[in-house]
Amino acid sequence: VAAGDAETTLQFGISLVPATEKLDSIRQLVGVADEAAIDLVAIQDHPYQHHFLDTWSLISTLLAETKRISFLTDVANLPLRPPALMAKAAASLDVLSGGRFELGLGAGGIPDVIAGFGGPRRTPGESVEALEEAIDVIRLL
Amino acid sequence: VDDGFDTLVFWPVDPEPGQVELLAGDVVPHLRRSG
């Protein structure tokens, strides 16, 4: 990105934790951001966190409740979400929201809890390989 | 921006609407102009 293009290309976002007990606050903050000059809301994806809402369900709901702002998975947990299904869900949300969904991918950084939640137990090297393969799959779909 | 970044995501520890309004109304316009 050239510095001279910054005014039109640089995006600004806020990151929110999808804690169930913070749902009212999340809705309020997203509403403020949607009315203000914020480009996107980023929401982390940790399915094994018992006190977190499911990130994809939350983003789907918030997309329906807003008009302008975009949403980003920050980042989606690949070991627990098969890449082909993730591609389908991401494309669906993007179409349904008029292009307001961005897919952020993560290799999964906590092997023990991922395995405990039914996912594969990967080494760091295997996680990187799986991430690269997932990117290829998602782009093909 | 010179290093190729195209997005800045602010992660407040304990977010409040005032922080989002300050970011949007003060910080973001300054950063856009400084680019």
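All chains are named by letter (A, B, ...) in the order of the sequence lines, taking the proteins before the strands, and each is independently numbered beginning at 1. Below, all heavy atoms of this structure are taken into account, side chains as well, without hydrogens, waters or symmetry copies.
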Indicate if [X] and [Y] have the same hydrophobic cluster label, given that clusters are the connected sets of ILVMFWY residues with side-chain heavy-atom separations under 4.5 angstrom.
X	Y	value
A:Trp56	A:Ile43	yes
B:Leu22	A:Ile69	no
A:Leu53	A:Leu72	no
A:Leu58	A:Phe71	yes
A:Val41	A:Val75	no

Show the atom names and distances, to 0.1 Å, of all donor-acceptor pairs under 3.5 Å that link a side chain in residues 9-17 of chain B to residues at least two apart or in another chain.
none

At a 4.5 Å cut-off on heavy atoms, which part of [X] comes close to chain B: side chain, backbone, both, or neither?
X	answer
A:Val17	side chain
A:Ala42	side chain
A:Leu16	side chain

Margin query: Looking at every heavy atom in both B:Ala24 and A:Ala37, which two are closest together, and how far apart are they?
Written below: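 What the structure gives for the nearest pair is CB-N, 3.5 Å.
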Item checked: Taking every non-hydrogen atom, the tightest pair across A:Phe12 and B:Leu31 ->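 Minimum heavy-atom contact is CE2-CD1, 3.4 Å.
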Next item on the list: Report, by ascending residue number, the residues of residues 92-131 of chain A in heavy-atom contact with chain B at a distance under 4.5 Å; give 'none' if the set is empty.
Entry: none
Margin query: Once rounded to the nearest 0.5 Å, what's the spacing between atom CG of B:Leu23 and atom CD1 of A:Ile38?
Written below: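 Those atoms lie 4.0 Å apart.
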Check: Sequence neighbours excluded, which residues qualify as salt bridge (Lys or Arg N to Asp or Glu O under 4.0 Å) partners of A:Glu65?
Finding: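 Salt bridge (Lys or Arg N to Asp or Glu O under 4.0 Å) check on A:Glu65 returns A:Arg27.
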Check: Any side-chain heavy atom of A:Val32 within less than 4.5 Å of one from B:Glu21?
Finding: yes
Check: Picking from B:Leu8, B:Thr7, B:Val28, what satisfies side-chain contact (heavy atoms from CB on, under 4.5 Å) with A:Gln11?
Finding: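 That would be B:Thr7.
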Check: Who are the side chain to side chain donor-acceptor pair (under 3.5 Å) partners of A:Arg81, not counting sequence neighbours?
Finding: A:Asp45, A:Asp54
